[in-house]
**Student:** 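Before I ask anything, here is the structure I am working with.
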Amino acid sequence: MKKVLITVCGRAGSKGFKNKNLKVFCGQPLVYYTLAAAKLFAAQRPDLAVDVALNTDSAMLVDVVAQKYPEIRHIERPEELCGDTVPKMAVFQQTLAEMEKLRGEQYDYLIDLDITSPLRRAEDVKGAFTEKESREDLDLVFSVAPARRNPYFNMVKLCDDHVEKVIESPFTARQQAPAIYDLNASIYVFRRDFLAENKTGILWDGKCGIYEMFDTGILDIDSEEDYQLMEVIAGHLYENMPEFGNVKEKIRR
């Protein structure tokens, strides 16, 4: 049986949006949406041995999680991994190492689910994992959404006293340009050995694949305005696209 570690990571300090990991979203703690998605994935894939770990230095976040999900293993984040410029991969590596020490055996995959991405469809985590599982040549798969602008066609950069296209091209229509995606940071699926052995903290050291998500459902929550807009979007999606409501319905009451 393959072994999968799901990580849920959130630090106490956030300069852009204070205590964003502790927010209540559409009536439930924000982190519960990610935990519900993790538990739903485990139920969808009973052929896997799935553990879930919370990596944080926030006692308040630990308490919120323990209220409804007491079985989640807490991995204390050390001070040296709490800075603004610490690569997320370093946090994943610390969690992986600590959990493998506790279990006494290695995992095969690590999935990271971002706390500030509450609007996942029921099939999204499973879909991203299946993409990685089916591609042994890939070191990781991450979630993306179609980009609304394209550097080959309708994006510009400053060049002294004028602007130019970001990437020079002969294209006269958006449809001619290569497909471009935004990384939305919602889901990462790593091959265990690539993650454990990485020394740079740079994703692009590996061979990467993508899993495409519904773009309107993902918005980086980095400000109060982002948070308020995401709640409006959530209301629309819950009413009109039941697959988004499936995750919310799985939150423990």
Side-chain angles (χ1 to χ4, degrees), residues 2-11 14 20-21 30-42 44-45 48-58 61 65 69 72-78 81-82 86-100 103 106-121 123-133 135 138-145 182-198 200-213 217-218 220-222 247:
K2 296 289 187 180
K3 296 177 286 295
V4 178
L5 174 62
I6 298 179
T7 58
V8 179
C9 305
R11 62 191 179 97
S14 178
K20 66 179 180 181
N21 293 317
L30 186 62
V31 67
Y32 286 4
Y33 293 82
T34 290
L35 294 173
K39 292 295 186 178
L40 181 58
F41 168 75
Q44 291 169 330
R45 291 295 306 264
L48 302 172
V50 180
D51 290 331
V52 184
L54 171 70
N55 183 304
T56 187
D57 60 328
S58 169
L61 183 58
V65 170
Y69 296 88
I72 302 299
R73 176 72 69 169
H74 169 222
I75 301 299
E76 182 69 24
R77 186 179 304 192
L81 295 182
C82 293
V86 174
K88 287 191 72 173
M89 282 181 67
V91 178
F92 304 157
Q93 288 171 326
Q94 183 232 348
T95 313
L96 177 67
E98 293 289 339
M99 287 295 292
E100 288 185 341
R103 280 187 60 102
Q106 291 187 350
Y107 292 94
D108 297 291
Y109 302 95
L110 181 144
I111 302 173
D112 181 71
L113 302 180
D114 194 88
I115 293 176
T116 59
S117 295
L119 296 179
R120 299 181 184 91
R121 296 168 298 182
E123 68 268 21
D124 281 333
V125 181
K126 179 182 176 182
F129 180 80
T130 300
E131 177 64 20
K132 171 65 197 82
E133 189 179 35
R135 292 281 307 274
L138 296 178
D139 294 307
L140 70 149
V141 166
F142 45 71
S143 57
V144 301
D182 290 330
L183 279 67
N184 63 21
S186 181
I187 305 168
Y188 292 93
V189 184
F190 289 92
R191 180 172 61 84
R192 183 266 174 201
D193 289 347
F194 166 73
L195 177 62
E197 297 167 7
N198 181 273
T200 66
I202 298 173
L203 295 173
W204 310 110
D205 289 347
K207 184 176 181 181
C208 304
I210 62 171
Y211 171 77
E212 186 174 334
M213 295 179 69
I218 300 295
D220 292 335
I221 300 180
D222 290 322
V247 174

**Student:** Just jot down the side chain to side chain donor-acceptor pair (under 3.5 Å) partners of Lys2, sequence neighbours excluded, or say none.
**Tutor:** none
**Student:** Among residues at least two apart in sequence or on other chains, which ones pass side chain to side chain contact (heavy atoms under 4.5 Å, CB included) with Ala196?
**Tutor:** Leu96, Arg192
**Student:** List for me each residue that meets salt bridge (Lys or Arg N to Asp or Glu O under 4.0 Å) alongside Glu133, sequence neighbours excluded, and say none if there are none.
**Tutor:** Arg45
**Student:** Can you list the residues that meet the salt bridge (Lys or Arg N to Asp or Glu O under 4.0 Å) rule with Glu123, with sequence neighbours excluded?
**Tutor:** Arg121
**Student:** Got a sec, which residues hit side chain to side chain contact (heavy atoms under 4.5 Å, CB included) with Ala42, two or more places apart in sequence or on another chain?
**Tutor:** Val50
**Student:** Might you work through the side chain to side chain donor-acceptor pair (under 3.5 Å) test for Arg120 and Thr34, ending with a clear yes or no?
**Tutor:** CA-CA 8 Å; Arg120 299 181 184 91; Thr34 290; 3.1 Å; yes
**Student:** Run the salt bridge (Lys or Arg N to Asp or Glu O under 4.0 Å) test against Arg191 and tell me which residues pass, sequence neighbours left out.
**Tutor:** Asp139
**Student:** Taking only residues two or more places apart in sequence or in another chain, which ones pass ring pair (Phe, Tyr, Trp, His ring centres under 6.0 Å) with Tyr107?
**Tutor:** none
**Student:** Residues in salt bridge (Lys or Arg N to Asp or Glu O under 4.0 Å) with Arg73, at least two apart?
**Tutor:** none
**Student:** Report the residues that fulfil side chain to side chain donor-acceptor pair (under 3.5 Å) with Tyr211, sequence neighbours left out, ordered by chain and then residue number.
**Tutor:** Asp124
**Student:** Checking Ser143 side chain against Asn184 main chain: does a donor-acceptor pair fall under 3.5 Å?
**Tutor:** no
**Student:** Can you name the residues that form a side chain to side chain donor-acceptor pair (under 3.5 Å) with Gln106, not counting sequence neighbours?
**Tutor:** none
**Student:** So, using side chain to side chain contact (heavy atoms under 4.5 Å, CB included) as the criterion, who are the partners of Asp205 when residues are at least two apart?
**Tutor:** Phe194, Asn198, Thr200, Ile202
**Student:** Is the closest side-chain heavy-atom distance between Leu113 and Phe41 below 4.5 Å?
**Tutor:** no
**Student:** Could you tell me which residues satisfy side chain to side chain donor-acceptor pair (under 3.5 Å) with Asp112, sequence neighbours excluded, listed by chain and number?
**Tutor:** Thr7
